[in-house]
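To start, the structure itself, in structure tokens.
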Amino acid sequence: MINKIVKSAADAVADIFDGAIIMIGGFGNAGTPIELIHALIDQGAKDLTVVSNNTGSGQVGLAALIAHKRVRKMICSFPRTANSTVFPDLYTKGEIELELVPQGTLAERIRAGGAGIPAFYTPTSVNTPLAEGKEKRTFDGLTCVMEYGIKADFSLVKCEAADRYGNLVYNKTARNFGPVMCTAADVTIVQTRKIVELGEIDPECVVTPGIFVKRLVEIPKPADEAKLVAEDRRYPWS
Amino acid sequence: MINKIVKSAADAVADIFDGAIIMIGGFGNAGTPIELIHALIDQGAKDLTVVSNNTGSGQVGLAALIAHKRVRKMICSFPRTANSTVFPDLYTKGEIELELVPQGTLAERIRAGGAGIPAFYTPTSVNTPLAEGKEKRTFDGLTCVMEYGIKADFSLVKCEAADRYGNLVYNKTARNFGPVMCTAADVTIVQTRKIVELGEIDPECVVTPGIFVKRLVEIPKPADEAKLVAEDRRYPWS
Amino acid sequence: MAQKVALDIPDGVYVNLGIGMPELVADYVPAGREVIYHTENGLLGMGPAPEVGKEDPELINAGKKSITSIKGACFFHHADSFTMIRGRHIDICVLGALQVSQTGDLANWSTGEPGAVPSVGGAMDLVAGVKTIFVITQHTTKEGKSKIVESCTYPLTGKAVVNCIYTNLAIIDVKPDGLFVREMAPGICFDDLQKVTEARLNRYEY
Amino acid sequence: MAQKVALDIPDGVYVNLGIGMPELVADYVPAGREVIYHTENGLLGMGPAPEVGKEDPELINAGKKSITSIKGACFFHHADSFTMIRGRHIDICVLGALQVSQTGDLANWSTGEPGAVPSVGGAMDLVAGVKTIFVITQHTTKEGKSKIVESCTYPLTGKAVVNCIYTNLAIIDVKPDGLFVREMAPGICFDDLQKVTEARLNRYEY
């Protein structure tokens with residue numbers, strides 16, 4: 001029988017190893033799998049490479065993971081946001097690496113990784129510093145850079161509802177990077193607001209087919225990251 | 001005001017020109033925009049390049065378009081099906097060109113065309129005759145061929161329901177090539193079983209966002225291609 | 001044959017069944033196993049054929065036959081479907097064959113005859129992307145020629161892609177050091193099998 | 001400025017608004033025009049800010065502000081969102097700028113200072129893929145330096161990508177043969193404008 005539901009966030013992330021490449025969903029506070037990230041902080045894996053659009057805010061979630069020096073390198077498009085101080089501080093001190101990738105190229109590289117496309121060409125970033133050192137090629141007069149697919153050991157994603165096969169639906173703009181990240185990791189771990197019975201999700205409306213999901217954990221009331229940041233909370237909770 | 005609805009299939013295809021590249025949705029009989037193809041036969045455009053998974057069956061739809069010698073070249077993955085005789089006859093006589101593309105590569109080339117990706121690498125077809133003459137490159141030990149994105153002048157697609165913005169949902173496996181073909185043409189023309197009001201399609205369940213659609217025509221009772229073939233019908237109806 | 005293949009498909013895996021004989025495998029899933037079938041034209045969770053009269057012409061499999069969908073199924077478009085295939089998300093694919101070589105090369109899409117209309121479909125994507133490839137085929141052609149050959153004479157679908165061959169006479173594993181006979185049909189002995197097989201066969205040593 | 005941009009956005013087009021000042025453009029759509037706003041984090045059909053207390057933390061725009069969705073909107077993931085952008089499906093994008101050159105080069109993501117944390121987001125994808133790029137910016141920096149320059153000194157976002165510049169002093173079209181002033185703010189004359197503009201300006205001949 002196929003049953004991808006595990007009983008806790010701690011169980012879900014238990015086998016994440018030092019040096020792993022981890023994709024973390026979310027754009028700003030929307031779609032961030034904050035409970036999975038906190039479980040990862042508790043679990044202790046270090047020397048991680050994290051692929052995520054931003055670097056977290058305040059002292060919770062991804063920012064807390066970075067603050068605890070668990071992340072060796074960030075691959076992201078927008079590390080500097082309003083409430084993001086942890087990453088900028090470490091980066092300025094030279095204590096964390098950054099691979100800056102345009103947002104659309106980041107999404108496409110992740111999709112390519114999941115789709116078995118090792119590399120593709122895009123016009124994005126041509127004639128800018130981000131194209132330096134990259135292979136260029138012109139197609140019908142359009143100069144492009146070659147970009148590589150990205151694959152991860154683990155993806156951490158948040159969704160709205162899931163069934164035991166791992167079929168997922170998301171809530172509004174919290175969908176963002178979730179669907180592509182689910183496809184691109186050896187082990188995709190999803191926190192869902194609710195688990196539903198097989199057949200409750202309309203087969204025409206499934207966003208992530210279960211084949212891309214390995215583990216599910218139900219977190220009925222996920223924390224609102226913006227609120228935690230506004231309240232100046234820190235993880236681990238003090 | 002945005003209103004993509006036109007009043008007839010004839011109006012929808014009126015500006016298709018000789019020599020155009022046309023993508024036609026469908027896999028077997030599922031999802032074939034048969035009324036749009038028949039309107040195209042009436043309209044008369046010729047010397048077409050058609051991108052479609054198959055070559056139609058019997059003497060209706062795409063098979064009829066080919067039988068009327070309107071198609072110079074087919075780009076497809078599976079030209080020879082149970083009830084397909086029109087294409088094989090012309091092909092054997094050397095009267096129509098064929099570019100044979102593996103099905104997944106065909107889907108990905110269309111997606112790439114729509115997504116502004118001029119080319120990508122795939123391991124599919126390496127070490128086979130279909131890789132001959134193509135650029136090869138090895139990534140981490142995996143040998144791949146370079147494949148180009150495909151763009152079309154027009155796409156003809158069938159869906160289940162649409163609103164005036166052009167948001168589409170499909171029916172079951174009739175979805176197949178529709179969503180990627182909608183993205184890859186200058187002018188995407190869609191026949192829909194029904195037109196619904198804005199907001200009636202759940203924004204979480206839209207499959208093709210309206211931005212990819214230019215024209216919509218309502219065909220409430222599309223013909224069942226398999227039935228027409230079984231009845232040995234021919235288009236134009238005699 | 002289809003039953004033998006079904007026995008080798010573990011619980012909980014994602015399987016794509018090729019057109020023709022491979023489709024029969026779904027009929028023999030042992031009790032207690034849950035297997036999810038992928039059909040490359042856009043469905044994960046393919047169920048059995050519908051009752052007569054309940055067919056939906058827009059619900060078909062890759063062989064263009066009417067099917068049903070199970071509870072927990074989902075529909076998707078072709079590019080997403082081949083993301084599953086090319087991206088190595090499908091565990092097992094069962095395909096038919098014209099020829100299989102002793103190094104696991106597969107030829108199953110064209111006899112390469114001049115004037116023939118070549119049709120490839122998803123076969124090359126499947127062998128390039130699916131983790132494990134099973135072939136199900138008659139051991140010999142109608143003319144009695146071996147389909148398990150030293151080297152394919154027909155155009156390849158993929159090179160060194162087949163993991164196991166299920167024929168009416170035997171089950172043969174494709175290993176780095178050659179073909180190994182795992183099981184033979186009742187009444188067949190190794191020497192008989194080798195006689196009707198062009199490729200060199202090996203026995204497992206126990 | 002935002003109002004001037006809004007006047008130049010025709011009925012029925014798809015528009016992406018950058019973070020900051022560009023977001024204001026949505027407030028000035030002339031009556032009778034229907035414009036659909038794309039936000040690259042996964043929504044086509046962005047509506048105005050919600051009432052206070054009705055915010056959904058999972059419904060935000062690219063600037064991470066709470067928004068609403070209109071009737072006929074749809075949600076999608078990031079790769080599909082950038083298919084719209086890179087695939088040239090978005091008609092107009094309105095962006096802020098640090099510098100614009102007289103050949104339409106745009107610099108708007110980094111001052112290139114050592115130690116600064118560079119953040120690019122979707123800006124490079126937008127200028128590479130959207131058919132028409134409008135820039136909305138103050139004509140000069142707080143220190144009074146021209147933002148419309150002969151050649152950008154900051155790292156580029158894209159080369160020869162800007163079609164029109166809307167500043168507090170003028171509307172300037174970027175043409176193959178240079179910058180052409182289409183309109184000036186009340187009380188500004190061409191010579192005054194040229195004085196505060198590093199790049200060479202041209203007048204249209206009527």
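The chains referred to below are lettered A, B, ... by the order of the sequence lines, with proteins before strands, and numbering in each begins at 1.
- The contact between C/Asn61 and chain B is made entirely by backbone atoms, counting heavy-atom distances below 4.5 Å.
- Residue pairs meeting the ring pair (Phe, Tyr, Trp, His ring centres under 6.0 Å) criterion with at least one partner in residues 152-181 of chain C, sequence neighbours excluded, are C/Phe134-C/Tyr166, C/Phe180-C/Tyr204.
- Interface with chain B: from residues 84-112 of chain C, residues C/Arg86, C/Trp109 qualify, criterion being any non-hydrogen pair under 4.5 Å.
- Interface remark: B/Phe87 contributes side-chain atoms only to the contact with chain C (heavy atom separation under 4.5 Å).
- With chain C as the partner, the residue from B/Cys76, B/Gly178, B/Ala174 showing the most heavy-atom pairs under 4.5 Å is B/Ala174.
- Most heavy-atom pairs under 4.5 Å with chain C, from the set B/Leu100, B/Val180, B/Thr122: that is B/Leu100.
- Contact tally against chain B (heavy-atom pairs below 4.5 Å) for C/Pro118, C/Ala128, C/Cys74, C/Gly158: the top residue is C/Pro118.
- Heavy atoms closer than 4.5 Å to chain B are found in both the backbone and the side chain of C/Phe75.
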Hey, mind stepping through C/Lys64 and B/Phe78 against side-chain contact (heavy atoms from CB on, under 4.5 Å) and telling me if it holds?
CA-CA 12 Å; C/Lys64 279 109 178 171; B/Phe78 212 78; 4.1 Å; yes
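- For chain B, the option among C/Pro114, C/Gly129, C/Ser69, C/Ala62 with the highest count of heavy-atom pairs below 4.5 Å is C/Ala62.
- In this structure, C/Phe82 and B/Gln103 have side chains that are in contact, with non-hydrogen atoms separated by less than 4.5 Å.
- Ranking B/Thr32, B/Thr128, B/Ile110, B/Thr105 against chain C, the residue ahead of the rest is B/Thr128, based on heavy-atom pairs under 4.5 Å.
- Both the backbone and the side chain of B/Asn176 come within contact range of chain C, with heavy atoms under 4.5 Å apart.
- When every heavy atom of C/Val120 is checked against every heavy atom of B/Pro102, the shortest pair comes out as CG1-CA, 3.8 Å.
- Residue contact with chain C, scored on non-hydrogen atoms closer than 4.5 Å, involves the side chain of B/Arg111 exclusively.
- For chain C, the nearby parts of B/Phe27 are the backbone and the side chain; heavy atoms of each come within less than 4.5 Å.
- Between C/Glu58 and B/Gly31, the shortest heavy-atom distance links the atoms OE2-N, 3.9 Å.
- Heavy atoms from other residues, nucleotides or ligands lying under 6.0 Å from NZ of B/Lys194 number 12 at most.
- There is no contact between C/Ala73 and chain B, counting heavy-atom distances below 4.5 Å.
- Of all the heavy atoms in C/Pro155 and B/Pro129, the pair that sits closest is CB-CG, 3.5 Å.
- B/Thr92 approaches C/Val117 most closely through the heavy-atom pair OG1-CG2, 4.3 Å.
- Contacts between C/Thr157 and chain B at a heavy-atom distance below 4.5 Å involve the backbone alone (N, CA, C, O).
- Between B/Pro79 and C/Ser119, the shortest heavy-atom distance links the atoms CD-OG, 3.0 Å.
- Neither the backbone nor the side chain of B/Val207 comes within contact range of chain C; no heavy atom of the residue lies under 4.5 Å from a heavy atom of that chain.
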